[in-house]
Amino acid sequence: MAFDDPTPPQIGHGVAVLVELPKHAGLNGVLSYRTTQPLAAGQLLRVPLGRRVVCGIAWGDDASGGAPQQGLGAAPTASDMAAPVLRDVAEALDALPPLDAAWRDLVTFAAAYYQRSTGELALSVLPADLRELDGPALQRRLRRLDKRLGRTPPSAPKKRRGKAVPEDEVTPDPVPPPDIEPPALPDLSDEQQAVLDALAACGAEPVLLHGVTGSGKTEVYLRRVAAALEAGRQALLLVPEINLTPQLEARIRARFPGRVTVAMHSGLGPAERLQNWLAAHLGWADIVLGTRMAVFASMPRLGLIVVDEEHDPSYKQQEGARYSARDLAVWRARHQGVAVILGSATPSLETWHNALPVPEGNGRYRRLAMPTRIGAGVLPQVRLIDLTRLKEQFGAKQLRDQPFAPPLLAALRERLDRGEQSLVLLNRRGYAPVLHCTACGWKSDCPHCSAWRVFHKLDRTLRCHHCGHAERVPRACPSCGDPDIQPVGRGTERLEEQLAAALPGARIGRIDADTTRAKGSLEAQLAQVHDGDIDVLVGTQMVAKGHDFRRITLVASLQADAALFSSDFRAPERLFALLMQAGGRAGRDAAQAARSELWIQTWHPQHPLYAALTAHDYPTFAAGQLLERQQAGLPPFAHLALLRCEARTQEAAVAFLAELARRAAELQTQQPAWAAILVYPPVPPSVQRVANVERAQMLVESPSRPALQRFLAAWLPSFQDEARQPGTRVLRWAVDVDPLAI
DNA sequence: AGCACGCCGACT
DNA sequence: GTCGGCGTGCTC
């Protein structure tokens, strides 16, 4: 510290400790404590904080030489001179090895990149139970884990509790190779073999594995996992959704008997979550399979990261620290010098751009392609139905009452007659998105949000999908009393009803967020489909992901067009991925592949997206999109950050962001390197009010990622307490770096 | 973020 | 007379 005030000499020495404090506490979550024994960086601790004792992480020696660290920019005051004495570390959880340097670097980077405090981020990615345990409780959990994994015979004394070792010399013992008969391996296609040869040769360079649905990407992953395990390393596999982990987990366990595989996702209970985390951290787990949170798993022997379906938006955390697990996976792999495979049939444009060679792309990743479906399966034939012609032919009313083109209906009937299954996609749940009074024009708006309440016919409710507000459907218009209130538009419930009317005798099923609310009900309903109890399945996009429906030979998408003209610049990319993925559901049985079809009803059949889809030509689609992005100054050619603000009034939210913008302009005049950064005026988001909270947002765009990073780091911290000043009626504000949607 | 302290309304 | 609303303020 700059003042040479005589701090009273202290026994022991200071240690910097990470605690769970948010950034607006002004301390980046680092506090100083006193300790009598040296503590390795990464060591888990219990430390007193206010009236509580909380979990902390030793973060190196105290840089300030024992004096408490002050908040950023805090002026020296009399209380500085008083130099409060540091409090003692309550306990070191030394039954656990410290979190290693690679892990600490990862959370340090992630916190800085996504503009959160290091303490908040580091602690929030540890299992909740771990943050609450003291030494004895931890010992009990460790014994339970020992028993579960059969690591030690019950009678044998443990010999793992070493004295604190200098942490970077900690090298956990690889698990002895399993002495269990390995299962027979499936034969590899030439394509798979070629990709595996290339992967074996390309070391730690990030790889995009661009493989169509059914080309056998998973087998490639498993071979690389096997290679990592044989080298004594751990493998980390990321998947987008919890739904997809049980299938893959079973396949991995069968493939690697004797190896330890653990799952990490939000569906696990707190106890199991801790056990699995401990198993990974101690190096006992060989394979970690999880959703985005698993990118932060502590893995001392990490040797491979796989990000399956890397384009999937679920990899972006949408609250708190808004990190991209895919991007962090690439950073982590690069930082640790391990291989990372990003797999997708429809890569994100960012990844695709990184994988294209210069000059089309930037050549940062190696691109490996698997364009062929295994077992001679061909991709489904794409059929476009021109709704404009249909309307001319049949009239608007007919179209509304029975929303299937006659040829599509005939195709559905044909499947029915042959005992095959069909999947109809509609990305809107409920019966109708809005109710409308024909007499006075009233619509079913939500009293708390700027959105319509959706009509759910089955439980006779009007429900707001934003705030959850639900009411019984009124018999008459609440505004004028007229009994003639009509559903407008169509959701999955209505589609189910219309299909039942159009296909008498067909067994119609529906899967969406409403039918799968109960735990395990998705699995049960999928099983029904697999067992052939359903002829036509209606669903939202949740059914398009990852599930194999071997007997489905027709997939239809009824209302895809919205994405073509959406203000969300990623909408076309998502639509293309969804339709490719949905089409991939069909015809995975070679015998049926020949007659499997993907039907799309559209008002714009000439749109280039559909042309590329018809040709199953992702590269052409991507090239077109990249050109548009470049012309519009959008990612991956520009880098974005989105500032969001919530307040009681729209004026307050906008005023707060405007003040931020004013300070940004000041900063930009001081620093020429930031002149190219654009700070757009604050605007309301598409849904401006949710649960009576007004929201505003402001876009920041920069041609250079490092410049954006430095700019945000200089700009935002000066605002940490702006929102708390009296008169600023701001509830919350936050920045979203690399937002998915603007 | 927690979790305090701190001043003003309807209950045992 | 207390329980409890959430408005400021601090945490080494």
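In what follows, every chain begins at residue 1, and chains take the letters A, B, ... in the order their sequences are listed.
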The correct set of residues in residues 119-127 of chain A placing a heavy atom under 4.0 Å from DNA chain C is none
Are A/Arg46 and A/Asp134 close enough for a salt bridge, meaning some N to O gap below 4.0 Å?
no
Given atom [atom1] of [X] and atom [atom2] of [N], what is their separation to the nearest angstrom?
X        : N      : atom1 : atom2 : answer
A/Glu20  : B/dG2  : CD    : C1'   : 10 Å
A/Arg648 : C/dC6  : CZ    : P     : 11 Å
A/Leu731 : C/dG7  : CG    : C1'   : 13 Å
A/Arg52  : C/dT11 : CZ    : C1'   : 8 Å
A/Arg46  : C/dT11 : CZ    : P     : 20 Å
A/Leu49  : C/dC10 : CG    : P     : 14 Å
A/Leu27  : C/dC10 : CG    : C1'   : 10 Å

Kindly state each residue pair satisfying salt bridge (Lys or Arg N to Asp or Glu O under 4.0 Å) with at least one member in residues 682-694 of chain A, sequence neighbours excluded.
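Sorted pair list: A/Arg689-A/Glu694.
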No-hydrogen, no-angle side-chain donor-acceptor test under 3.5 Å, A/His265 and A/Thr291:
no
Nearest to side-chain heavy atoms of [X], which nucleotide of [options]:
X       : options               : value
A/Leu21 : B/dA1, C/dC12, B/dC5  : B/dA1
A/Leu86 : C/dT11, C/dC12, B/dC5 : C/dC12
A/Ser32 : C/dC12, B/dA1, B/dC3  : C/dC12
A/Pro22 : B/dC3, B/dA1, C/dC12  : B/dA1

Taking A/Leu21's backbone N and O only, do any of them form a donor-acceptor pair with A/Ser117's side chain (distance below 3.5 Å, no angle check)?
yes
Is there a donor-acceptor pair under 3.5 Å between the side chain of A/Glu309 and the backbone N or O of A/Val239?
no
A/Gln671: which residues meet the side-chain contact (heavy atoms from CB on, under 4.5 Å) condition with it, sequence neighbours left out?
A/Ala673, A/Trp674
What class does the angle between the rings of A/His469 and A/His448 fall in, given that below 30° is parallel, 30 to 60° is tilted and above 60° is perpendicular?
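A/His469 vs A/His448 ring planes: perpendicular.
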Hey, is the side chain of A/Arg51 poking within less than 4.0 Å of OP1 or OP2 on B/dC3, counting only N and O atoms?
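Negative; the distance criterion is not met.
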